[in-house]
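Here's the structure, in structure tokens; my notes come after.
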Amino acid sequence: MTQMCCDTTARQAAHLGFSVEFLSDATGTLTFTNNAGVATDEELHRATLVAQDGFLSKILSTSEWINHLG
């Protein structure tokens, strides 16, 4: 899920000095409901990408990433 394994892996890679490219359309998640409230799959996915792009990763779509492989 975007906010769990994908986010954790990207964070660890960035902290180890790797340049991270996070593919926005190659990850996903589910809607969560718990004691803290409800977050839809779209909200959770978008929030994680926004946080990643802020300081850890370069956010790209799969097609953008493929085009950069050149």
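In this text the structure is predicted, and so the values were computed from the model without any measurement. What you see below is based on every heavy atom in this structure, not just the backbone, and it leaves out hydrogens, waters and symmetry mates.
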Quick check on E42: does its CD atom have over 12 non-hydrogen neighbours (other residues, nucleotides or ligands) under 6.0 Å away? no
Heavy atoms from other residues, nucleotides or ligands near NE2 of H15 exceed 12 (cutoff 6.0 Å):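 Yes, the 6.0 Å shell around NE2 holds more than 12 heavy atoms from other groups.
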Looking only at the side chains, is there a donor atom on one of D25 and S61 sitting less than 3.5 Å from an acceptor on the other?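 No - no donor-acceptor pair under 3.5 Å links their side chains.
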Partners of E43 by side-chain hydrogen bond (donor to acceptor under 3.5 Å, both in side chains), sequence neighbours excluded?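 Checked E43 against side-chain hydrogen bond (donor to acceptor under 3.5 Å, both in side chains); matches are T40.
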Quick one: OG1 on T62 to CG on N67, what's the gap to the nearest 0.5 Å?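 Rounded to the nearest 0.5 Å, the OG1-CG separation comes out at 11.0 Å.
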To the nearest 0.5 Å, what is the distance between CG on D41 and CZ on R46?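 One gets 10.0 Å once the value is rounded to the nearest 0.5 Å.
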Apart from [X] itself, what residues make up its hydrophobic cluster when side-chain heavy atoms of I, L, V, M, F, W and Y under 4.5 Å apart count as a link, directly or indirectly?
X   : value
V20 : none
F32 : M1, M4, L30, L44
L16 : F18

Tell me every residue that passes salt bridge (Lys or Arg N to Asp or Glu O under 4.0 Å) with R11, counting only those two or more places apart in sequence or in another chain.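 Salt bridge (Lys or Arg N to Asp or Glu O under 4.0 Å) list for R11, sorted by chain: D7.
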Results of side chain to side chain contact (heavy atoms under 4.5 Å, CB included) for V38 - residues two or more places apart only: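 Partners of V38 under the side chain to side chain contact (heavy atoms under 4.5 Å, CB included) test: T31, T33.
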Could you tell me which non-hydrogen atom of H45 sits nearest to which non-hydrogen atom of T29, and how far apart they are? N-CG2, 4.0 Å
When you compare the side chain of F22 with that of T27, does any pair of heavy atoms fall below 4.5 Å?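 Yes, close enough: below the 4.5 Å cut-off.
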